[in-house]
2 protein chains.
Amino acid sequence: MDALAALAEPTRRRIVDVLRVRECTVSELVAAVGMSQPAVSKHLRVLREAGLVTAQTRAQQRVYRLEPGPFRELDAWLAPYRRMWTHHLAELERHLDRKEES
Amino acid sequence: MDALAALAEPTRRRIVDVLRVRECTVSELVAAVGMSQPAVSKHLRVLREAGLVTAQTRAQQRVYRLEPGPFRELDAWLAPYRRMWTHHLAELERHLDRKEES
DNA sequence: ACGGCATATAACCGTCAAGGCATACGGCCG
DNA sequence: CGGCCGTATGCCTTGACGGTTATATGCCGT
């Protein structure tokens with residue numbers, strides 16, 4: 001499952017939104033998203049396999065943290081689309097300028 | 001279905017990637033993605049309901065084009081994550097600077 | 001070494017999405 | 001007005017996903 005598909009799930013978005021602030025253990029994430037522990041573990045597995053997070057074992061806990069790579073790729077994919085609104089803004093500005101002239 | 005979920009589908013990504021270059025009719029998209037016409041129409045419906053595209057009726061054809069809004073929202077959601085790698089780059093630079101000093 | 005804690009996996013179920021085929025809608029032209 | 005072309009929708013099947021409960025794994029402290 002690629003990064004976009006992984007992020008399509010609201011719960012997983014919840015998780016990465018939490019991890020963006022600070023790295024967390026599984027139990028902390030369980031508390032944060034208010035769902036059963038196995039469910040969270042499964043989502044974490046998906047996020048791991050998508051390369052969005054990595055886990056570091058510390059004692060019996062696993063500390064999850066975000067991995068920038070896929071987010072960069074997503075940003076790169078999105079980049080050409082940015083032209084859409086920047087271009088539109090430029091058009092709008094030209095339009096307003098023309099109006100001022102008249 | 002929100003924009004991210006809509007874009008999670010490879011075929012739909014294919015479609016928007018085509019539409020990014022230029023607006024298209026349904027038959028053109030069918031040819032582009034190599035799938036049955038009903039399948040493409042269904043994907044277009046999903047994209048429409050997610051606000052990612054709009055259709056303009058021209059004779060018997062419907063011309064589809066991208067709509068910037070959801071892409072901007074996606075970009076906005078992604079924005080805070082950009083800090084991840086920009087910050088990391090800054091760290092790296094500081095690290096290199098320190099190395100140069102010594 | 002054993003019991004317990006934190007996490008992962010297994011098995012199962014309900015739901016839903018995606019694809020195909022057949023068909024309905026709607027505008028154009030003869 | 002009837003038929004055709006382009007597109008949308010219905011129906012059906014199949015496969016994948018998300019959630020829960022029960023159980024396995026792995027590490028720690030005693």
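Proteins get letters first, then strands, A, B, ... in listed order; numbering begins at 1 in each.
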Round to a whole Å and report the spacing from NE2 of B:H43 to C1' of C:dA18.
6 Å
Indicate whether OP1 or OP2 belonging to C:dT9 is found under 4.0 Å from a side-chain N or O atom of A:R45.
yes
Between D:dA8, D:dT20, C:dT7, which nucleotide has the shortest distance from any of its atoms to the side chain of A:S27?
C:dT7
Just how far is it from atom CZ of A:R82 to atom CG of B:L74, taken to the nearest 0.5 Å?
9.5 Å
Hey, which sits more toward the 5' end of DNA chain D by its nearest nucleotide, A:V46 or A:A59?
A:V46
Could you please name the option among C:dG20, D:dA8, C:dG19 that lies closest to any side-chain atom of B:V26?
D:dA8
Checking C:dG19, D:dG19, D:dT7 against the side chain of B:R62 (C-beta onward), the nearest is D:dT7
Report the residue from A:H43, A:Q37, A:R45 that forms a side-chain hydrogen bond (donor to acceptor under 3.5 Å, both in side chains) with A:S41.
A:Q37
Over how many whole Å does the gap from B:L47 atom CG to C:dA17 atom P extend?
14 Å
Can you check the A:R58 CZ to C:dA6 C1' distance for me, whole Å?
14 Å
How long is the line joining CE of B:M35 and P of C:dC21, in whole Å?
13 Å
If you look at every strand shown and take non-hydrogen atoms under 4.0 Å, does B:T57 touch a base, only sugar-phosphate, or nothing?
nothing
For the side chain of B:Q60, starting at C-beta, report the closest nucleotide among D:dC5, D:dG10, D:dG19.
D:dC5
Calculate, to the nearest 0.5 Å, the distance between atoms CG and CG belonging to B:L19 and B:L66 respectively.
5.0 Å
Determine whether a donor-acceptor pair (one donor, one acceptor, N or O, separation below 3.5 Å) exists between the side chain of A:Q37 and the base of C:dA8.
yes
Closer than 3.5 angstrom, by distance alone: can the side chain of B:R12 be matched with the main-chain N or O of B:A6 as a donor-acceptor pair?
yes
Measure from the side chain of B:E9, starting at C-beta and using heavy atoms only, and say which of D:dT21, C:dG19, D:dG18 lies closest.
C:dG19
Using whole Å, report how far CG of A:L7 lies from P of D:dG18.
12 Å
Could you give the CG-to-P distance, from B:L44 to D:dG6, as a whole number of Å?
16 Å
Classify the ring geometry of B:F71 against A:Y81: parallel below 30°, tilted from 30° to 60°, perpendicular beyond 60°.
parallel
Any A:Y64 side-chain nitrogen or oxygen under 4.0 Å from OP1 or OP2 of C:dA6:
no
Between C:dA6, D:dG18, C:dA8, which nucleotide has the shortest distance from any of its atoms to the side chain of A:Q61?
C:dA6
Charged N to carboxylate O below 4.0 Å: is that the case for B:R22 and B:E28?
yes
B:D2 CG to C:dC16 C1': how many Å, rounded?
15 Å
Please give, in whole Å, the distance from C:dA11 P to A:K42 NZ?
12 Å
Are A:S36 and D:dG18 close enough that a side-chain N or O sits under 4.0 Å from OP1 or OP2?
no
Have a look at B:S41 and say if it touches a base, only the backbone sugar-phosphate, or nothing, with a 4.0 Å heavy-atom cut-off.
base
